[in-house]
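Structure first, commentary second.
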Amino acid sequence: MTVSTHARRTRVHVTGAASTAVRPVLESPRRPARVLAAFPAGVYLEVRTDLEPSVIAIITGAATRLPNSVLLAGPLPGVTVGDEASVGDRSIELGPLSVSVRRWWDPAPPLGRIDRARLEQAAARLGDPPQPGLAGNGAVELLAGSCAKGWLLGAVTAAEQLMGLGPGLTPSGDDVLAGLLVTLRHLGAAAGADRAVWLADWLAATVTFDARTRTTLLSATLLHCAARGESSPEVSAVLRGLTGGQALEPALRRLHGLGHTSGSDLAQGVAIGVTAVLALSGPR
């Protein structure tokens, strides 16, 4: 990290490691962006582009590493909503901050293969997530039942009802759908459940079709990421725990601890996905 002096503000130059999810936007020609929200450990930028994701999270190591993140190698200087910003040519200019992207990380690491018996044993240890935001909601129950049956119409109907449902930058309904999409795609492939991956494809098309008009800009971006199987390390760790790649219980605790209800909502989506993969990997 280097620091240079500007007439009004001190300019901070930092390198960063970016998710490959945002690589198309970062490697495009430079274009303007605006600050959606600013926190001590992170900033959300909306990039004026038709590419997805259109929101990039600029974060320090203290923040949750969302799948659309650029992780800074140094501290985040004071940034406010209204600061000028631009993104492109593998760099980000944001108020007093100048970021050069030097490395990339993968938000969609593949899982190892797993057989049905082993997945059943792991699924029995999932348990219920603590206090999900939509506990007892009829649309969540419809989503779970439809996915387990492979009933596309019911799953799509439930997904339409859940999009944007709940308060905050990432509404609970979107978090449930994100956890489900990532699980169906990755765990379905690991278990050889082709019908689960097929279901993920159709649900992904449903939730990304008009996400920008149905929910917040940040949550729409995360749904686009989930549709491609991209998630935070906490979700990936739980999926690895289910396949025996690491300890499951500590990964679950870390996931449950995210946000106010986001972790529990994501875990609820993961649980729905696991049940569906088991159901759809059996005899047709």
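Just so you know, these numbers come straight off a predicted model, no measurement behind them.
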Got a donor-acceptor contact below 3.5 angstrom from the [X] side chain to the [Y] backbone?
| X | Y | value |
| --- | --- | --- |
| S91 | G88 | yes |
| S54 | T49 | no |
| R113 | A189 | yes |
| T20 | D106 | no |
| H256 | P129 | no |
| R11 | G95 | yes |
| D210 | T213 | no |
| T215 | A211 | no |
| S264 | T261 | no |

Give me the atom names and distance for the closest heavy-atom approach of [X] to [Y].
| X | Y | answer |
| --- | --- | --- |
| A108 | E230 | CB-CG, 3.9 Å |
| G74 | V14 | N-CG1, 3.4 Å |
| D174 | G164 | OD1-N, 2.7 Å |
| G42 | L76 | N-CD2, 3.6 Å |
| T183 | G179 | OG1-O, 2.7 Å |
| D175 | S262 | OD2-OG, 3.0 Å |

Discussion item. Run the side chain to side chain contact (heavy atoms under 4.5 Å, CB included) test on L97 and L72 for me, step by step, so that the C-alpha distance in whole Å, both residues' side-chain angles and the decisive distance to 0.1 Å come before the verdict.
Written reply: CA-CA 11 Å; L97 177 66; L72 301 180; 4.2 Å; yes
*asked:* Does atom CD (E249) have a neighbourhood of more than 12 heavy atoms from anything else shown, all under 6.0 Å?
replied: yes
| said: Looking at E120, I'd like to know if its CD atom is crowded, meaning that more than 12 non-hydrogen atoms belonging to other residues, nucleotides or ligands lie closer than 6.0 Å. | reply: yes
Can a donor-acceptor pair be found between the side chains of [X] and [Y] at a distance below 3.5 Å?
| X | Y | result |
| --- | --- | --- |
| S86 | E93 | no |
| T15 | S100 | no |
| S19 | R65 | no |
| S219 | T170 | no |

Side chains of [X] and [Y]: does their closest heavy-atom pair fall under 4.5 Å?
| X | Y | value |
| --- | --- | --- |
| L26 | W104 | yes |
| R34 | E84 | no |
| V176 | L266 | no |

Go through L242 and L126 one step at a time and tell me if the side chain to side chain contact (heavy atoms under 4.5 Å, CB included) criterion holds. CA-CA 9 Å; L242 288 165; L126 274 179; 4.1 Å; yes
Nearest-0.5 Å distance, [atom1] of residue [X] to [atom2] of residue [Y]:
| X | Y | atom1 | atom2 | value |
| --- | --- | --- | --- | --- |
| C225 | N68 | SG | CG | 5.0 Å |
| L111 | R185 | CG | CZ | 12.5 Å |
| R103 | L71 | CZ | CG | 7.5 Å |
| L223 | T221 | CG | OG1 | 9.0 Å |
| T206 | L177 | OG1 | CG | 10.0 Å |
| T243 | L187 | OG1 | CG | 7.5 Å |

Test log, rule side chain to side chain donor-acceptor pair (under 3.5 Å), inputs R116 and S281
CA-CA 8 Å; R116 181 184 175 84; S281 64; 3.0 Å; yes
Can you hop from [X] to [Y] via hydrophobic side chains spaced under 4.5 Å?
| X | Y | result |
| --- | --- | --- |
| V47 | V81 | yes |
| V270 | L119 | yes |
| I59 | V12 | no |
| Y44 | V99 | no |
| V101 | W105 | no |

Side-chain donor-acceptor pairs of residues 132-157 under 3.5 Å, sequence neighbours excluded:
residue	atom	partner	partner atom	Å
N137	OD1	A139	N	2.8
N137	OD1	V140	N	3.4
S146	OG	L142	O	2.7
T157	OG1	L153	O	2.8

Can you check side chain to side chain contact (heavy atoms under 4.5 Å, CB included) on V197 and L199, steps first, answer last?
CA-CA 5 Å; V197 179; L199 185 58; over 6 Å; no
For residues 253-276, the salt bridge (Lys or Arg N to Asp or Glu O under 4.0 Å) pairs (sequence neighbours left out) are none
- Message: Could you go through T80 and V35, starting from their C-alpha distance and side-chain angles, then the distance that decides it, and tell me whether this counts as side chain to side chain contact (heavy atoms under 4.5 Å, CB included)?
- Response: CA-CA 7 Å; T80 61; V35 180; over 6 Å; no
- With the threshold set at 4.0 Å, does a side-chain nitrogen-carboxylate oxygen contact exist between R214 and E160? yes
